[in-house]
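Computed from a predicted structure; not experimentally measured. Below, each value reflects all heavy atoms present in this structure, side chains not excepted, and no hydrogens, waters or symmetry copies. For the single chain, residues carry numbers from 1 onward in sequence order.
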Amino acid sequence: MDRYLVFGHPVRHSKSPFIHTLFARQTQQELEYGLAEPAVDEFAQALRTFFDQGGKGCNVTVPFKEQAFTLVDRLSPRAKRAGAVNTIKLTDDGVLLGDNTDGAGLVADLKSHGVTLADSRILLLGAGGAARGALAPLLAELPSELVIANRTHTKAQQLAAEFDDLGPVTAQAYEQLAGPFDLVINSTSASLQGELPPLAPALIHTDIAIYDMMYGASDTAFISWAKKHGARQTMDGLGMLVEQAAEAFTVWRGLRPGTKQVLRELKRNLGVI
C-alpha cells in the first residue's frame, strides 16, 4: 500500500491524516497516511529514510518547510516563488519534486466563500512564510492592489519588491494604511497567542471580508475583533487546510477530491459544528 506522511515538530495535533484518509476513501485510493515528528536537526535524514523505504509522498509543516525547499531534487514554479515546500512527491523517474499548495488552498477557500479577488483591494498582514506562499496565487487573481503590512516594515518592503513583477503589490506601515480594503488576510501567527496585529479599527467596515489563516474550535482573536468592529463576513483557515490538502492529494494521485463534505467532517471532529 502506498505510504504518505506529514513531517512536523510538533505534529501530533495535525488533522492531515484525518483529511487524507477521507480523501482516499472518497476517491477509492489505496493508501495510508501517518505522522512523523523528527527532531529539528534530524529532518533531512528522516526524509531520506522515508523515501528510501518506499514512501510515495509527504506533507511538510512547521518548522521544516524552508529546509524541505533545499532537500528536494526539483521545485515547482509555485514552490520556487514561495521559497518553501509543503508537499513532496516521488515521481515515476525517482525525482523528489517539491511543491507548495498553501497559496492555492487559500485562493480556493476564498472563492468557496464567494469572495471576489479580481479588481479587489487586498490587505495582507504579515511578511513571513505564510504571506510569501500566498502572494503569487493571490496576484494571479488580478486584484487592483495588494498591500503588505508587517510590524517590521522593511521586511514587508523586501517582500513586495520580490513579487512586484507579478502585479500591483506594495508595502505600507500599519500606521499609514488607508482604506477602503475589500479583503484583509491575516497571515501572522498572532491569533495562536490570542494577540492582534496593530490594525486600526477604522479600516473595518460592513462589506469587508476578513480571513485569518489560523483556526480553532471558536473564533480566533482577530476574527472576534473584526466582528466587534462591524465585519459581517469572516473566515478562518480551516477551509484553507482542507483545500491545500486537496491540492497536495491531486499532485500525488492525479485525482482532485471533493472538499465540502471533508470540511464538514473535520468541523465535527473539532467540535466546531
Side-chain angles (χ1 to χ4, degrees), residues 1-24 29-92 94-106 128-134 137 187 189 192 213-216 237-254 257 259 262 266 269-270:
M1 185 177 290
D2 291 347
R3 292 174 54 236
Y4 295 86
L5 286 178
V6 55
F7 285 93
H9 192 98
V11 80
R12 280 162 285 182
H13 66 285
S14 174
K15 295 301 179 182
S16 292
F18 181 86
I19 294 168
H20 283 286
T21 297
L22 292 180
F23 284 160
Q29 295 287 291
E30 292 287 331
L31 61 86
E32 60 180 33
Y33 189 107
L35 302 170
E37 191 176 281
V40 174
D41 60 351
E42 295 175 357
F43 169 62
Q45 182 58 52
L47 186 71
R48 282 193 293 270
T49 299
F50 170 65
F51 283 107
D52 287 345
Q53 293 178 350
K56 294 294 185 181
C58 64
N59 289 126
V60 182
T61 188
V62 177
F64 299 131
K65 291 183 182 183
E66 287 76 19
Q67 193 177 351
F69 182 87
T70 68
L71 294 173
V72 296
D73 302 315
R74 192 165 71 225
L75 293 163
S76 72
R78 56 190 179 183
K80 285 180 183 177
R81 273 291 185 177
V85 160
N86 81 330
T87 300
I88 300 175
K89 174 185 179 178
L90 180 65
T91 67
D92 291 340
V95 169
L96 288 185
L97 172 66
D99 203 349
N100 190 303
T101 66
D102 286 331
L106 170 65
R132 177 181 292 274
S187 78
S189 60
L192 292 177
M213 288 190 188
M214 301 299 108
Y215 64 88
L238 197 60
M240 176 181 171
L241 175 68
V242 175
E243 294 291 349
Q244 67 80 23
E247 187 75 11
F249 191 92
T250 306
V251 170
W252 294 329
R253 311 299 293 185
T259 55
V262 173
L266 181 58
N269 180 264
L270 289 169

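In plain terms, the two heavy atoms of F50 and C58 that are nearest each other are CE2-CB, 4.1 Å. The nearest pair of heavy atoms linking P257 to F23 is CB-CD2, 3.5 Å. The minimum heavy-atom distance between T101 and A248, with the atom names listed, is CG2-N, 3.8 Å. Across S187 and A130, no two heavy atoms sit closer than the pair O-CB, 3.7 Å. Minimum heavy-atom separation, L75 to V72: CD2-CG2, 3.6 Å. Between L270 and K15, the closest heavy-atom pair is CD2-CE, 3.3 Å.
Residues meeting the side chain to side chain contact (heavy atoms under 4.5 Å, CB included) test with D2, sequence neighbours left out: Y4, L31, K56, R253.
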Give every donor-acceptor pair under 3.5 Å between a side-chain atom in residues 40-47 and any protein atom, sequence neighbours left out.
| from | atom 1 | to | atom 2 | distance (Å) |
| --- | --- | --- | --- | --- |
| Q45 | OE1 | R48 | NH2 | 3.4 |
| Q45 | NE2 | T49 | OG1 | 3.1 |

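Within the model, atoms CE of M1 and OH of Y33 stand 16.0 Å from one another, a figure rounded to the nearest 0.5 Å. One distance of note links CG of N59 with NE2 of H20; it measures 4.5 Å at 0.5 Å rounding. Atoms OG1 and CE, from T259 and M240 in turn, are 14.0 Å apart once rounded to the nearest 0.5 Å. Taking CZ from F64 and CG from L71, the interatomic distance works out to 10.5 Å, rounded to the nearest 0.5 Å. Taking CG from L35 and OG1 from T61, the interatomic distance works out to 11.0 Å, rounded to the nearest 0.5 Å.
Counting only distance, with no hydrogens or angles, the side chain of W252 and the backbone of E247 share no donor-acceptor pair below 3.5 Å. Of the possible polar contacts, one joining the K89 side chain to the V251 backbone as a donor-acceptor pair under 3.5 Å is found. Side-chain atoms of D73 come within 3.5 Å of backbone N or O of L96 as a donor-acceptor pair. Without hydrogens or angle criteria, E37 side chain to V11 main chain gives a donor-acceptor distance under 3.5 Å.
Here the side chains of P38 and H9 are not in contact, with every heavy-atom distance at 4.5 Å or above. You'll find the side chain of I88 stays beyond 4.5 Å of the side chain of F7, heavy atoms only.
Sorted by first and then second residue, the side chain to side chain donor-acceptor pair (under 3.5 Å) pairs involving residues 62-72 (not counting sequence neighbours) are K65-D102.
Donor-acceptor pairing under 3.5 Å is recorded for the side chains of D99 and S76.
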